[in-house]
Amino acid sequence: MAKNEELFNAIIKGKRKDVSVLVQTAVDSGANVAEILMESMIPAMREIGDRFSRNEVYVPEMLIAARAMQAGLDIVEPLLAGTGHEPLARVAIGTVKGDLHDIGKNLVAMMLKGAGYDVTDLGVDCDIAKYEEAVNNGTQVLLLSALLTTTMPAMKEVTEHFKGKDVKILIGGAPITQEYADEIGADGYAGDANQAVGAVEKVLA
Amino acid sequence: MLVTPTKRSVPSKKYWPKFHPKHPELSGCFLMEKNMSKSIAIPTLDQFVYGVCPKPVKTARGLELGTGTVFPEVNFTLPTMNINEETWPQVIAQYTEMADDVIRRAIELEVPQLMIEFETLPDMTIRPEWALEINRLLADKLIEAQEKSGIKTALRFTPNDIREFSRPPIMRSGKYWDSMLETFAKAGEAGADFLSIESTGGKELCDEALMNADLPGVVFALGVLACRDMEFLWKHMVDACKANGVIPAGDSACGFANTAMVLADKKMIPKVFAAVVRVATVPRTLVAVEQGAVGPCKDCAYEGIYIKAITGTPISLEGKSAACAHLSPIGNIASAVCDCWSNESVQNVQLLSGKAPEVSVEQLAYDCRLMNTAAASSPEDALRLRDWLVDSDSALDPQAYVLRPDVVLRISEKIMQEETAYGRTRAAVAAAIDELRKGAESKAYRLEEREESWLDMMEMAIEDDIPETEAEMIAQQAPLVDPAKCDLREYGIE
């Protein structure tokens, strides 16, 4: 259960101004900043993700919640920087080479950010060098997205490139299946943006 | 390496533009649509049916659209594989097999006419010689089949829009645009009968607007950016067609309205919002006809139903027999007024009965056979079948409801009361919302409880947030545009 119910509900309802006020009030009253984030804000984003998975809300409502979350993060993050608080993990996401589709990728990035991860969006049409650069910068989980059956093989190439290296690979996109993930040796698969959060948690566990 | 075109397979310019002999007034109709009439081409419901249209099209080899027979348009694509120089012989072998299978089965099922669509993959548009080689291969197979068996055949060539490979997209210059121009220019030499595209101008902003259910954002992307790009793009495409003996067919708002439909199917956005987006794409796709496209509209352009009503040009559509490519709530209604019936696309994979493209042409052949049999029985039977196709879908989903022929005619008339592309887009949105409200109140279709508030919000948006003129809309939206995502100068907006 979230400690600050009012803040939790304001994020879920997407009330950006209220979130700013509530976070600032909590900070001013001496609340632990990491606790505000971990016990009220991130659980709110998890709840909105779960409601989406239960078909209770649409993506626009999730995005409104995410923007409200960001309003809170704008206050919290600078304060956390001085406390030694670390994000849950560093992840990077990009659509593979030859593929320009990015709606799903953007949604996954938004949900992961809301869940407390440090997310780098690599964009679309990503070659191996782009993923390599992210890994060299400390990325612990790479998420590969593809919508075209003819760009799926690029996932295999990226997965093989990083085989044996200290990075986990997750894949997703309309034509992607768990079977394909198993076939190419990826560490996991997610069917939607909310599942992606769970999949990242699973490979990092 | 390009296959050298043979003399017999290159359509002679003397055949073009040449339309159905019963409609000589249509010869040389290019650009006649520049100043469109305010009245729509199909004014009454009884004239709005599959297989016939006021402005039929006939190809150089005699294939006819809109003169009474619905026939299959088959599209196919590669199984999961890499496309590069090493795999190119395998790519060619795949397309050879797919074409042979489809043509053979179409002849076995006595399909009277057959169209194949070759929709390029991005790698093939970036390297036009690859796209043109496969196009030539398919054209030669279709020509040979017609000569040997008598089946009337045609090839639709659809290069894909690769301008968005640049981020932000560079729409009017650069290497991607040059590749597209080269592909358009050589389409005739490579045996294309029709030229189409699924253009993407404005999509870079529309995607985000869809995800946010941002109606003003959608209207800006479609009614301003997409319409401006369509005018630019289709002028070049029609010029290329004129110079090379190819029929400029039409576009599709697939990247906009079908994206919305898929998002709604995945319960990511409300269906009623996706229904409005569908209608909002009509003025955008209409621009291609204004520039000289004569049909058929692309198969995935469900807005084509409106294009047929407004312009009288023939259309291709896809529905239940395109489930191999994507799911939809409009499987039957999509065929109600089609002139050509498509499978969208299918991968060359093995099924129990045969390879998937061969299976696909069989499904389409039987769909068409039923429609043509009803039409041959009597005009009343054709209308009866049309109405069954409509009624079996339209009450179940708002996206189907806005494709009802009666709804289409009413909205089309309102669209054409406006003279500008932006004004038509705004009118399309307002009319769609109005029809959806009336339909919901009369329970003519099912509006889920959690969608009701979205219809309310869209009604408020059209009143408060969508300005009457394009200039006002640009003034409202331009400051919100992230220049890293979209360069408005590419749309002629400084």
Side-chain angles (χ1 to χ4, degrees), chain A residues 14 49 51-67 94-111 121-127 146-157 173-177 179-180 183-184 191-195, chain B residues 77-84 87 91 120-124 126 160-167 169 200 203-204 206-215 255 259-260 262-274 325-327 345-349 448 450-451 453-454 457 484-485:
Chain A
R51 288 185 189 184
F52 172 70
S53 294
R54 296 195 299 267
N55 294 330
E56 292 172 6
V57 297
Y58 293 108
V59 166
E61 290 153 303
M62 282 208 299
L63 292 172
I64 291 168
R67 283 193 283 273
T95 307
V96 296
K97 184 74 184 161
D99 205 321
L100 301 176
H101 296 87
D102 61 2
I103 288 180
K105 169 189 71 68
N106 294 344
L107 199 56
V108 171
M110 183 272 289
M111 290 304 293
D121 187 342
L122 302 173
V124 297
D125 192 27
C126 297
D127 55 19
L147 190 76
L148 302 175
T149 52
T150 48
T151 55
M152 285 167 63
M155 291 179 152
K156 186 177 181 187
E157 290 169 14
I176 310 301
T177 61
E179 289 73 24
Y180 186 68
E183 182 188 322
I184 67 172
D192 66 34
N194 205 33
Q195 283 181 25
Chain B
T77 191
L78 298 169
T80 304
M81 64 182 292
N82 278 318
I83 304 170
N84 54 44
T87 63
V91 171
T120 65
L121 293 160
D123 298 289
M124 299 171 182
I126 291 168
N160 63 319
D161 190 345
I162 52 174
R163 293 173 295 171
E164 59 177 340
F165 266 92
S166 303
R167 294 291 170 111
T200 58
K203 183 169 160 54
E204 67 271 34
C206 195
D207 281 352
E208 194 170 337
L210 291 179
M211 295 303 282
N212 285 286
D214 167 14
L215 195 56
T259 298
V262 170
L263 294 174
D265 183 63
K266 293 181 179 299
K267 301 182 173 42
M268 295 169 82
I269 63 172
K271 293 174 191 170
V272 74
F273 185 80
H326 65 83
L327 305 176
S345 187
V346 70
Q347 278 187 287
N348 195 30
V349 294
E448 291 174 21
R450 72 173 179 141
E451 300 227 342
S453 61
W454 290 93
M457 283 190 276
K485 282 189 179 170

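So that the names make sense, note that chain A is the first sequence line, chain B the second, and so on, each numbered from 1. What's counted below: heavy atoms across the whole structure, side chains too, no hydrogens, waters or symmetry copies.
The shortest distance between side-chain heavy atoms of Leu263(B) and Ile103(A) falls below 4.5 Å.
Only the side chain of Leu107(A) comes within less than 4.5 Å of a heavy atom of chain B; its backbone N, CA, C and O stay farther away. Proximity to chain B (any heavy atom under 4.5 Å) is restricted, for Glu56(A), to the backbone atoms N, CA, C and O. Using a 4.5 Å cut-off between heavy atoms, Asp123(B) makes no contact with chain A at all. Heavy-atom distances place the side chain of Asp125(A), and not its backbone, under 4.5 Å from chain B. Contact of Val57(A) with chain B is made through the backbone alone, with heavy-atom distances under 4.5 Å. With a 4.5 angstrom heavy-atom cutoff, Asp102(A) touches chain B only via side-chain atoms. For chain A, no part of Glu208(B) is nearby; none of its heavy atoms comes within less than 4.5 Å.
Going from atom OG1 of Thr151(A) over to atom CG of Leu121(B) covers 9.5 Å, rounded to the nearest 0.5 Å. Atom OG1 of residue Thr149(A) and atom CD of residue Gln347(B) lie 4.0 Å apart, to the nearest 0.5 angstrom. Here OH of Tyr58(A) is found 12.0 Å from CZ of Phe273(B). Values are rounded to the nearest 0.5 Å.
Top candidate by heavy-atom pairs under 4.5 Å with chain B, chosen from Asn106(A), Val59(A), Leu63(A), is Val59(A). The candidate with the highest count of non-hydrogen atom pairs below 4.5 Å against chain A, out of Thr259(B), Val262(B), Asn212(B), is Asn212(B).
For Phe165(B), the ring-ring contact (aromatic ring centres under 6.0 Å, His included) criterion is met by Tyr176(B), not counting sequence neighbours.
Leu100(A) and Glu164(B) make their closest contact through CD1-CG, 3.2 Å (heavy atoms, listed as atom of the first residue, atom of the second, distance). The two residues Gly98(A) and Pro122(B) have their closest heavy-atom pair at O-CG, 4.2 Å.
Scanning residues 265-272 of chain B against chain A with a 4.5 Å non-hydrogen threshold yields Lys267(B), Met268(B), Ile269(B), Pro270(B), sorted by number.
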